[in-house]
Amino acid sequence: MEDALSTEIQIDEPLEATTAPQPGIHLAGALHDEQYPALVRFLLLHGASWTEAQDAAQDAFTQMCAPGVCVTYPRAWLRTVAWRSWVSQQVKLEETCAELPEPQLNLRWQTPAHAAELGEEERQVIFLLLQLPAKQRAAMAWHLDGFTTEESARAMGTTQAAVRQNLARARAALKQGLRLEGRLTNERGKA
């Protein structure tokens, strides 16, 4: 269970080096096979359903191919655009000032193949991730995708301190939740 929580990713250099903006249509073609599954997983960790995540990921690639779009940080750009697309699916026009939508706490978002591959501990961690507040879920999703605190803050439109604080709170909640679940499982086995 310790491995399931080891979210400390040491990154020596940023995930995306600063480069000159490149045409989105060229980037989309080069990145689609590599980034589409990661983008769907990123959205699932935010609480999207399988179909919502696929739709939002595809929408991000479609927007990247729009004429005149040039992108400097394509991985972060894709995640930001896909996340916004998913949120717009969740929030009706009259609710635009509302808080982010809370995910439905079910684990039916996996493909049948992925559902078979998930172990009990992974299901528990995902269930706990989906119970985190939206900002903590977001910080953890960016972190689990390998982005540095600086990259996450830039993409999320917040400060590095806020990202670090939300990551710390998310880790603490996950650790507490896993300990509680472990104790309940042990008590059931003894009864």
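Atom set for the values below is all heavy atoms of this structure, side chains included, hydrogens, waters and symmetry mates excluded.
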*Verify the distance criterion only: is there a donor paired with an acceptor across the side chains of Gln131 and Arg137 at less than 3.5 Å?*
no

*State, yes or no, whether a side-chain contact exists between Val40 and Trp50 at a heavy-atom distance under 4.5 Å.*
yes

_Closest approach of Ala57 to Tyr36 (non-hydrogen atoms, all atoms of both residues)_ = CB-CE1, 3.6 Å

*Hey, could you give me the CG/CG distance between Leu27 and Leu78, rounded to the nearest 0.5 Å?*
8.5 Å

*asked:* Between Thr148 and Glu151, do the side chains contain a donor N or O and an acceptor N or O under 3.5 Å apart?
replied: yes

*Any side-chain hydrogen bond (donor to acceptor under 3.5 Å, both in side chains) involving residues 156-169? Give me the pairs, sequence neighbours left out, ordered by first then second residue.*
none

*Steps toward ring-ring contact (aromatic ring centres under 6.0 Å, His included) verdict (Phe147, His143)*: CA-CA 5 Å; Phe147 286 85; His143 182 72; over 10 Å; no

_For the student: nearest non-hydrogen atoms of Trp77 and Ala60, plus distance_ = CZ3-O, 3.5 Å

*Atom CZ of Phe61 and atom OG of Ser85: how far apart are they, to the nearest 0.5 Å?*
12.5 Å

*asked:* For the CZ atom of Arg154 and the OG1 atom of Thr149, what is their distance to the nearest 0.5 Å?
replied: 12.0 Å

*Carefully, step by step, assess Leu43 and Glu52 under the rule side chain to side chain contact (heavy atoms under 4.5 Å, CB included).*
CA-CA 8 Å; Leu43 293 166; Glu52 290 169 345; over 6 Å; no

*asked:* So does Gln58 get a backbone contact from the side chain of Thr62, meaning a donor-acceptor N/O pair under 3.5 Å?
replied: yes

*When rounded to the nearest 0.5 angstrom, what is the spacing between CZ in Arg41 and CD in Gln35?*
10.0 Å

_ring-ring contact (aromatic ring centres under 6.0 Å, His included) involving His26 - partner list, sequence neighbours excluded_ = none

_Could you walk me through whether Arg75 and Asp145 satisfy the salt bridge (Lys or Arg N to Asp or Glu O under 4.0 Å) test, starting with their C-alpha distance in whole Å, then the side-chain angles of each, then the deciding distance to 0.1 Å, before giving a yes or no?_
CA-CA 10 Å; Arg75 288 169 182 84; Asp145 262 8; over 6 Å; no

*If you take all heavy atoms of Pro21 and Thr72, which pair is closest and at what distance?*
CG-OG1, 3.4 Å

*Looking only at heavy atoms, which two atoms of Ala38 and Arg79 are closest? And how far apart?*
CB-NH2, 3.6 Å

*Give the minimum heavy-atom separation between Trp142 and Ala76, together with the two atoms involved.*
CH2-O, 3.6 Å

*Would you give the length of the straight line joining atom CG of Leu45 to atom CG of Leu144, rounded to the nearest 0.5 angstrom?*
6.0 Å

*Can Met64 and Ile25 be said to form a side chain to side chain contact (heavy atoms under 4.5 Å, CB included), step by step?*
CA-CA 6 Å; Met64 186 178 256; Ile25 194 156; over 6 Å; no

*For the residue pair Pro74 and Val71, establish whether any side-chain heavy-atom pair is separated by less than 4.5 Å.*
yes

*asked:* Could you walk me through whether Met140 and Lys135 satisfy the side chain to side chain contact (heavy atoms under 4.5 Å, CB included) test, starting with their C-alpha distance in whole Å, then the side-chain angles of each, then the deciding distance to 0.1 Å, before giving a yes or no?
replied: CA-CA 9 Å; Met140 188 59 77; Lys135 290 179 181 179; over 6 Å; no

*Using 30° and 60° as the class limits, which term best fits the ring planes of Phe42 and His46: parallel, tilted or perpendicular?*
perpendicular

*CG-CG distance between Leu39 and Asp59, expressed to the nearest 0.5 angstrom*: 10.5 Å

